[in-house]
Protein chains: 2
Amino acid sequence: MKIDDICEIVCTDEKAVAEVKSKMLDENILIILAENFKIFGDPTRLKILQALYHRELCVCDLSAALDANQSTISHQLRLLRGKNLVKFRKQGKMTYYSLADEHVKKIIELGVEHARE
Amino acid sequence: MKIDDICEIVCTDEKAVAEVKSKMLDENILIILAENFKIFGDPTRLKILQALYHRELCVCDLSAALDANQSTISHQLRLLRGKNLVKFRKQGKMTYYSLADEHVKKIIELGVEHARE
DNA sequence: TGTTCATATGCACAGCTATACATATGAAAA
DNA sequence: TTTTCATATGTATAGCTGTGCATATGAACA
């Protein structure tokens, strides 16, 4: 049963469509990819990452540096942790956060470079 | 008047905070940066970009290749156009879209590479 | 001019997200 | 043990976003 027979658009270059379809990445990979990009798509998270780019910081220092609510920072740090973009170590009552790896640094650098155009 | 005197957290390493603050990117740049990343943070837009990665396509071909509503595709293409991630040429009734430049390709490649880890 | 058809867009809405308040947790110090 | 304090998290909510329907636009053609 061809859905196309009922209500589909007819201008389609079927060869082109088939070719592109065969080359497209798997749906699941694209969803993961989108989720990753989405994490960078928020100013607060970006500020956190950018602050940690320079040095390790505890939550309250981040809160002060970004002039943001402690709860807000904590919530966003949880998301960043969930995506393995930051790592942390506990020392007494404090928790010190830092960037997970060089990969994260590179993405920030690339983005900044692009935004400056 | 120091807001800090009223309700602020006291654990702050003032030197660290000042140092980071001085190195932080401008607020406006960070917002633009976040907006750019956000565009890549949606599966449909990513699919469109990924499809165009391989070849120029008209709207209805994109619609067929992604198995998505024509309206949805058009709406997302508008956003992509707004961020100069795609370019287009009109030919009769059709509109052919393609990736704006090599930069877009590179970001997709980098993202895919990272998602595959 | 009128019709057809590809694309664009106004609008409504469901689902999501970032934020902040209140509170819990858990470590250190009293 | 009790208090203090940094951090985490449950919850509520305002604002945003992606989608699809209905319709507008505008080009080709009859």
Side-chain angles (χ1 to χ4, degrees), chain A residues 4 7-13 16-17 30-31 34-35 37-49 52 56-83 86-98, chain B residues 4 7-14 16-17 30-31 34-49 52 56-83 86-98:
Chain A
D4 308 69
C7 60
E8 283 302 300
I9 298 169
V10 285
C11 76
T12 302
D13 175 347
V17 171
L30 281 168
I31 289 174
E35 278 175 3
F37 277 125
K38 198 178 284 185
I39 288 290
F40 287 92
D42 174 75
T44 302
R45 286 192 291 269
L46 227 36
K47 281 182 203 168
I48 291 174
L49 293 172
L52 298 180
E56 179 187 67
L57 289 169
C58 70
V59 178
C60 64
D61 285 345
L62 275 170
S63 190
L66 309 197
D67 198 27
N69 194 290
Q70 176 267 321
S71 163
T72 299
I73 301 291
S74 266
H75 278 299
Q76 299 301 355
L77 281 171
R78 180 159 60 153
L79 293 176
L80 294 169
R81 254 158 37 213
K83 290 289 174 190
V86 299
K87 60 187 175 189
F88 64 98
R89 65 182 178 86
K90 301 221 173 199
Q91 183 180 307
K93 285 181 281 191
M94 325 270 275
T95 312
Y96 288 92
Y97 283 85
S98 54
Chain B
D4 307 68
C7 60
E8 283 302 300
I9 297 169
V10 286
C11 75
T12 301
D13 175 347
E14 291 183 19
V17 172
L30 282 167
I31 289 174
E35 280 174 3
N36 289 340
F37 276 125
K38 197 178 285 183
I39 287 291
F40 288 92
D42 174 76
T44 303
R45 285 192 292 269
L46 227 37
K47 281 182 203 168
I48 291 174
L49 292 172
L52 298 181
E56 179 187 66
L57 289 169
C58 69
V59 178
C60 64
D61 285 345
L62 275 170
S63 190
L66 308 197
D67 197 28
N69 194 290
Q70 175 268 321
S71 163
T72 299
I73 301 291
S74 266
H75 278 301
Q76 299 300 356
L77 282 171
R78 180 159 59 152
L79 293 177
L80 294 169
R81 254 158 38 212
K83 289 290 174 189
V86 299
K87 59 188 175 189
F88 64 99
R89 66 182 178 86
K90 300 222 172 197
Q91 183 180 307
K93 285 181 282 190
M94 325 270 276
T95 312
Y96 288 92
Y97 282 85
S98 54

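What you are looking at is a predicted structure, and each value in this text was computed from that prediction instead of being measured. Residue numbers begin at 1 in each chain, while the letters A, B, ... track the order of the sequences.
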Non-hydrogen side-chain atoms of B:Asp13 and A:Leu57 separated by less than 4.5 Å: no
Distance, rounded to the nearest Å, where A:Leu57 contributes CG and D:dT7 contributes C1': 15 Å
Rounded distance in Å - CG (A:Leu66) to P (C:dA20): 12 Å
Selected nucleotide, minimal atom distance to B:Cys60 side chain, candidates D:dT7, C:dT7, D:dG18: C:dT7
B:Ser63 OG to B:Ile48 CD1 distance, which is reported to the nearest 0.5 Å: 9.5 Å
Whole-Å gap separating P (D:dG18) and CZ (B:Phe40): 14 Å
Nucleotide of D:dA6, D:dA8, C:dT7 approaching A:Met94 most closely (side-chain heavy atoms): D:dA6
Closest listed nucleotide, where the reference is the side chain of B:Thr44 and the choices are D:dT9, C:dT9, D:dT19: D:dT19
Rounded distance in Å - CZ (B:Phe88) to P (C:dT7): 12 Å
Side-chain N,O (B:Tyr97) to OP1/OP2 (C:dA8) below 4.0 Å: yes
pair A:Glu35-A:Ile31: side-chain heavy atoms closer than 4.5 Å: yes
Summary of salt bridge (charged side-chain N to carboxylate O under 4.0 Å, His left out) pairs that have at least one residue in residues 60-81 of chain B, sequence neighbours excluded: none
Presence of A:Arg81 side-chain N/O under 4.0 Å of D:dT9 phosphate oxygens OP1/OP2: yes
Residue list, side-chain contact (heavy atoms from CB on, under 4.5 Å) with A:Asp42, at least two apart or on another chain: A:Thr44, A:Arg45, A:Gln76
Nucleotide of C:dT7, D:dC21, D:dT9 approaching B:Asn69 most closely (side-chain heavy atoms): D:dC21
Mind listing the N/O atom pairs, protein and nucleotides 11-17 of chain C, below 3.5 Å?
none

Short side-chain N/O contact from A:Thr72 to OP1 or OP2 of C:dA20, under 4.0 Å: yes
Rounded interatomic separation in angstrom, taking CG from A:Leu79 and C1' from C:dT19: 12 Å
Where at least one partner belongs to residues 88-97 of chain B, residue pairs that pass salt bridge (charged side-chain N to carboxylate O under 4.0 Å, His left out), sequence neighbours excluded: B:Glu56-B:Arg89
Spacing between A:Tyr96 atom OH and D:dT7 atom P, to the nearest angstrom: 8 Å
Non-neighbouring partners of A:Ser74 that pass side-chain hydrogen bond (donor to acceptor under 3.5 Å, both in side chains), sequence neighbours left out: A:Gln70
5′-ward residue of the pair A:Gly41/B:Lys90 relative to DNA chain C: B:Lys90
Residues forming a salt bridge (charged side-chain N to carboxylate O under 4.0 Å, His left out) with B:Lys87, sequence neighbours excluded: none
Between CG on residue B:Leu49 and CG on residue B:Leu80, distance to nearest 0.5 Å: 5.0 Å
Interatomic distance where CD1 belongs to B:Ile73 and C1' belongs to C:dT9 [whole Å]: 15 Å
Sequence-aligned protein contact record of nucleotides 22-30 of chain D, with B where the base is within under 4.0 Å of a protein heavy atom and S where only the sugar-phosphate is: -----BS--
Rounded distance (Å) that lies between atom P of C:dT19 and atom CD1 of A:Ile48: 9 Å
From A:Thr72 atom OG1 to A:Leu66 atom CG, the distance as rounded to the nearest 0.5 Å: 10.0 Å
